[in-house]
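Read through the structure below, which is laid out as structure tokens, and then see the notes.
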Amino acid sequence: MTLAELEGFLAERGLPKYRAKQIFGWAYGQLAESYDAMRTLPAALRERLAVELPFVPYTTAREVRLAEPEGETVKALFETPDARHVEAVLMFYPDRVTACISCQVGCPIRCTFCATGLGGLERNLTTGEMVAQVVALARRARAAGRALTNVVMMGMGEPLANYEPTMKMIGILNEGAGLGFGARRVTVSTAGVVPNIDRLAAEPYQVNLAVSLHAPTDDLRTALVPLNRRWPVAELLDACRRYVGKTGRRVTFEYILIDGMNDAPELAEELARQLRGLLCHVNLIPCNPTPAGPFQPPSHAAIERFAGILRDAGIATTVRWSRGVTIAAACGQLRAEHEGGAGRPIRPARRTPAAAAAAV
Ligand code: SAH
């Protein structure tokens, strides 16, 4: 619930409105694990809320951690009340702590290289199920003596295909009485749902937009991201230009690099040409191998060469050396492993790209 909804919920029960801010303060500010901890609430109210408004939709099915050169990565697999699994990752860096959360069980986009897309969309997550991932990871960060600083929607699912619950989540994180998490610290990553990029540009929240581009030409991009049939590269980049024009904010382009597929120097040149004059930043992501196919990351030298061509063309470029690969923390891998282990094989893609696009 938003703060306003919680105020309404309390008012309907003849309870004072100011309790809503207290509850937000405890649940999100203090990260209280139950109503029992909310000491400024009368005992009778705490008991009533525990029944009428329980706030724990998840159990943690598994947690894995890995110490890496620049920090630590913790991966959590959450189980929903209807026994589905979603992944979230917490990344500790020297200067920030980032939570990567999921917005859907599965994903309708079916990118060919992505483990999540393999089984298609099972269902959208609710606002509460997204907020609960952030809260669980904020607690986990606190247990390590750190505070959560960033949230990225780069887990399972397509946030711009679960639009309203995603916006509502951002509003709840933003609420000053609770986490007070500025929208600028939230990144929404999309495979390119063009109409909702325009909607996002019109929102009051100043979130960061990341666009999974992966290829500068339509043939190649359609082969990787079937949604490209519906909104091809030129339309997607036009939407990004409108977004920058309206918000004044830089767009991040994610470009996963797959050996022999989209890593040729000519493609870097074409990408630079397409992005010229657009306020943006390119994040190159050497691909993580998945059960989806024979995709492998290019050599270190090929990655640096691709990055160098973009930089020489004046495009701000970073390489995101992947974290969490050895704990299957990349892109739907942990769920695939868990469900595979439980006797549920990963289903191959059955739908055509056009059907995938229509599902968005
Ligand atoms: N649906 C949204 C957000 C979830 S995916 C989107 O497409 O942006 C988050 C990022 O992980 C995307 O850039 C996606 O392309 C990338 N990704 C998916 N599978 C990957 C893999 N095997 N290796 C590297 N990155 C991958």
Side-chain angles (χ1 to χ4, degrees), residues 86 100-114 116-127 130 151-171 183 186-218 220-247 249-256 274-275 278 280 282-283 285 331-332 349 351-360:
V86 289
C100 173
I101 64 160
S102 294
C103 64
Q104 296 179 316
V105 185
C107 184
I109 309 286
R110 293 176 177 269
C111 297
T112 46
F113 50 82
C114 176
T116 303
L118 277 180
L121 177 67
E122 292 184 36
R123 70 166 171 85
N124 285 328
L125 291 182
T126 63
T127 297
M130 289 187 260
V151 171
V152 298
M153 305 197 65
M154 296 183 185
M156 302 171 70
E158 167 55 48
L160 295 190
N162 188 16
Y163 190 87
E164 286 89 0
T166 294
M167 290 304 126
K168 191 170 158 186
M169 175 204 70
I170 292 167
V186 179
T187 299
V188 170
S189 179
T190 181
V193 183
V194 162
N196 285 347
I197 292 176
D198 287 318
R199 252 171 112 185
L200 188 64
E203 296 285 347
Y205 302 122
Q206 297 271 299
V207 296
N208 298 305
L209 175 66
V211 174
S212 293
L213 193 58
H214 307 324
T217 59
D218 280 322
L220 187 55
R221 188 164 192 272
T222 298
L224 296 171
V225 185
L227 191 66
N228 191 69
R229 268 195 229 284
R230 180 128 157 217
W231 293 293
V233 174
E235 278 185 45
L236 176 56
L237 294 181
D238 277 347
C240 293
R241 282 186 200 96
R242 290 194 295 276
Y243 180 90
V244 170
K246 190 142 187 185
T247 64
R249 296 179 65 73
R250 183 175 85 158
V251 173
T252 296
F253 289 104
E254 295 160 276
Y255 192 107
I256 92 166
Q274 297 273 359
L275 299 184
L278 177 54
C280 71
V282 172
N283 203 338
I285 312 166
C331 319
R351 275 189 298 177
T352 61
V360 175

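These numbers were taken from a predicted model, which means no experiment stands behind them. Numbers here are sequence positions counted from 1.
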*Indicate yes or no: does Arg241 engage Asp238 in a salt bridge with an N to O separation below 4.0 Å.*
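Yes, this pair counts.
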Contact check, side chains of [X] and [Y], non-hydrogen atoms, under 4.5 Å:
X: Val152; Y: Asn208; result: no
X: Tyr163; Y: Val188; result: no
X: Met169; Y: Ile101; result: yes
X: Val282; Y: Leu213; result: no
X: Tyr205; Y: Val186; result: no
X: Val251; Y: Val211; result: yes

Taking all non-hydrogen atoms of both residues, which atom of [X] and which atom of [Y] are closest, and how far apart?
X: Cys111; Y: Pro226; result: CA-CD, 4.0 Å
X: Val86; Y: Ser102; result: CB-CB, 4.1 Å
X: Gly157; Y: Cys103; result: C-SG, 3.6 Å
X: Glu235; Y: Val194; result: O-CG2, 4.1 Å
X: Phe113; Y: Leu224; result: CE2-O, 3.7 Å
X: Leu121; Y: Pro108; result: CB-N, 3.8 Å

Got a second to check how far [X]'s [atom1] is from [Y]'s [atom2], nearest 0.5 Å?
X: Asn124; Y: Gln104; atom1: CG; atom2: CD; answer: 5.0 Å
X: Thr190; Y: Glu254; atom1: OG1; atom2: CD; answer: 9.5 Å
X: Lys168; Y: Asn162; atom1: NZ; atom2: CG; answer: 11.5 Å
X: Tyr255; Y: Ser212; atom1: OH; atom2: OG; answer: 12.5 Å
X: Met130; Y: Ile170; atom1: CE; atom2: CD1; answer: 8.5 Å
X: Ile285; Y: Met154; atom1: CD1; atom2: CE; answer: 7.0 Å

Closer than 3.5 angstrom, by distance alone: can the side chain of [X] be matched with the main-chain N or O of [Y] as a donor-acceptor pair?
X: Thr112; Y: Ala223; result: yes
X: Asn228; Y: Arg221; result: no
X: Gln206; Y: Ala183; result: no
X: Asn283; Y: Thr252; result: no

*State which residue, out of Val193, Thr166, Leu209, fulfils the side chain to side chain contact (heavy atoms under 4.5 Å, CB included) condition with Leu200.*
Leu209
*Verify salt bridge (charged side-chain N to carboxylate O under 4.0 Å, His left out) between Glu164 and Arg199, making sure each step is shown before the conclusion.*
CA-CA 11 Å; Glu164 286 89 0; Arg199 252 171 112 185; 2.8 Å; yes
